[in-house]
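Each chain gets a letter, A, B and so on, in the order the sequences are listed, and its residues count up from 1. Because the structure is predicted, anything quoted here is derived from the model rather than measured.
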Amino acid sequence: MGFFDTFTDILEAALPWGEARAEAAEPEEKDDEKESGEEGKEDEESKDEPEEAEEEEEEDEPETEDPKEKFEEECKESKQCSPAKHHFDECVERVTGADEGKPVDKKHPNEDCVEEFFHLAHCANQCAAPKLWAALK
Amino acid sequence: MAGSAATTVAIGSMAWYYHLYGTELHAMTPAEEGLHPTKYPWEHVAWTKTFDHQALRRGFQVYREVCSSCHSLSRIPYRSLVGVTHTVDEAKAMAEENEYDTEPNDEGEIEKRPGKLSDYLPNPYKNDEAARAANNGALPPDLSLMVKARHGGCDYIFSLLTGYPEEPPPGVKLADGLNFNPYFPGTGIAMARVLYNDLVEYEDGTPASSSQMAKDVVEFLNWSAEPEMDQRKKMGMKVLVITSLLTALSIWVKRYKWSPIKTRKIAYSPPKMGGTGPNGH
């Protein structure tokens with residue numbers, strides 16, 4: 001599709017009678033027509049009905065779920081990220097254990113799990129990115 | 001005996017040298033560096049693609065309803081939205097919602113007037129000091145050129161907006177008033193997570209998940225940083241097509257013009273010597 005877009009774009013760009021147009025303003029034009037001529041009244045009524053129906057459909061939607069969180073959770077559990085997840089979980093256990101009074105590693109008394117978290121997040125994001133873009137508009 | 005000692009010393013000194021100079025040094029810890037953003041397959045980045053203007057419109061809505069309470073977008077006037085995200089009338093209506101200073105009147109007083117298309121988007125704070133005072137000392141940066149101004153561009157901003165974890169990893173100590181965000185260098189950022197699902201209601205009915213809002217607003221910010229992008233790509237394509245045609249033409253013309261010279265044959269027939277020719281010399 002992108003390939004053919006290129007050609008149509010080039011053609012449009014090359015044609016001297018090509019026209020750049022701001023989108024929209026259609027509904028307003030319709031309003032003008034209605035004001036100027038009363039003949040369009042029947043059309044007006046028929047146009048309004050489908051719009052109302054659409055609005056009702058939108059209201060029924062349940063709460064949206066964030067696809068990014070969903071895909072990343074899946075990715076964290078996947079085989080691809082299992083080493084990173086393993087290290088992160090281990091670190092969490094070690095650090096929270098240290099808080100609870102277990103013997104602390106003397107070499108690293110103030111350890112945090114930022115690095116392990118980075119590796120896990122990097123892996124999960126990498127894995128979720130294409131799926132996420134397919135799901136978003 | 002001497003040989004093995006020499007070998008040991010050699011290997012030992014090499015090992016010591018590697019120990020001292022061989023390992024890579026980092027001036028910063030990974031946390032200070034920040035997590036590098038993931039590359040996302042942005043549609044508008046492709047050579048032959050334009051901005052998705054429906055997304056720009058959604059993105060502007062997100063900026064207006066969410067970001068604009070702290071971040072300015074001072075380089076964008078209302079007129080530049082016309083034909084990009086909004087129609088003239090819509091842009092005018094939005095401009096009129098704000099008040100701007102007039103020119104001094106006859107008494108030298110400066111009054112207020114409703115905004116016009118030529119006015120710039122209003123700043124949320126009077127000046128930087130007011131912005132700092134309202135935000136615990138942290139200045140919310142202007143977003144006009146933010147996509148160009150940050151390493152990683154769109155990917156960085158998208159990751160930053162959607163990257164706040166539920167809770168920071170254990171062991172992390174943050175200064176007062178800072179939030180944990182892995183993508184922000186140093187991981188402590190003054191801005192809290194702002195994008196939650198269904199925070200805005202899109203006109204076109206797109207489900208407003210937080211990543212959808214982040215994607216739209218990032219694309220909008222990319223537009224605000226490079227409003228000329230669509231035109232630039234189109235112009236670039238024209239330039240490539242026309243110059244390649246002209247190059248081919250000029251090569252052909254050169255070969256055409258030179259063909260008699262390149263294909264000519266210079267022959268030299270020496271005069272016959274010795275006087276025994278057919279002419280009887």
Interatomic spacing from CG in Asn125(A) to NZ in Lys39(B) - rounded to 0.5 Å: 13.5 Å
Side chain proximity check, Thr187(B) to Phe117(A), heavy atoms < 4.5 angstrom: no
Heavy-atom count around Glu74(A) CD within 6.0 Å, excluding the residue itself: above 12? yes
Looking at Ala31(B), Ala208(B), Pro182(B), Ser211(B), which makes the most heavy-atom pairs under 4.5 Å with chain A? Ser211(B)
Highest number of heavy-atom pairs under 4.5 Å with chain A among Ser159(B), Pro37(B), Gly34(B), Ala46(B) belongs to Gly34(B)
For Glu226(B), look at atom CD and say whether over 12 heavy atoms of other residues, nucleotides or ligands are found less than 6.0 Å away. yes
Other residues, nucleotides, ligands: >12 heavy atoms within 6.0 Å of Glu167(B) CD: no
Against chain A, label Trp47(B) side chain, backbone, both or neither, depending on which of its atoms sit under 4.5 Å from a heavy atom there. neither
Looking at Glu43(B), Lys173(B), Arg58(B), which one has more heavy-atom pairs under 4.5 Å with chain A than the rest? Arg58(B)
Which atoms of Glu69(A) come close to chain B, meaning under 4.5 Å heavy atom to heavy atom: side chain ones, backbone ones, both, or neither? side chain
Please report the closest heavy-atom contact between Pro41(B) and Ala129(A), naming both atoms and the distance. CD-O, 4.4 Å
Walk me through whether Tyr196(B) and Asp66(A) qualify under side chain to side chain contact (heavy atoms under 4.5 Å, CB included). CA-CA 9 Å; Tyr196(B) 290 95; Asp66(A) 191 2; over 6 Å; no
Any idea which of Val95(A), Leu136(A), Val114(A) has the most non-hydrogen atom pairs under 4.5 angstrom with chain B? Leu136(A)
Heavy-atom distance under 4.5 Å to chain A: side chain of Phe180(B), backbone, both or neither? side chain
Tell me, do Lys137(A) and Lys215(B) make a side-chain contact under 4.5 Å, heavy atoms counted? no
Atom group of Pro168(B) that falls short of 4.5 Å from chain A, counting heavy atoms: neither
Single hit among His122(A), His119(A), Glu115(A) for side-chain contact (heavy atoms from CB on, under 4.5 Å) with Leu35(B): His122(A)
Judged by atom type as modelled, is there a donor-acceptor pair below 3.5 Å linking the side chain of Asp198(B) to the main-chain atoms of Thr64(A)? yes
Before we go on, tell me: are the rings of Phe118(A) and Tyr183(B) under 6.0 Å apart, centre to centre? no
Does atom NZ of Lys233(B) have more than 12 heavy-atom neighbours, drawn from other residues, nucleotides or ligands, at distances under 6.0 Å? yes
Other residues, nucleotides, ligands: >12 heavy atoms within 6.0 Å of Glu93(A) CD: no
If you count every heavy atom of other residues, nucleotides or ligands that lies below 6.0 Å from Arg193(B) atom CZ, does the total exceed 12? yes
Gap separating the NZ atom of Lys68(A) from the CG atom of Asn197(B), nearest 0.5 angstrom: 12.0 Å
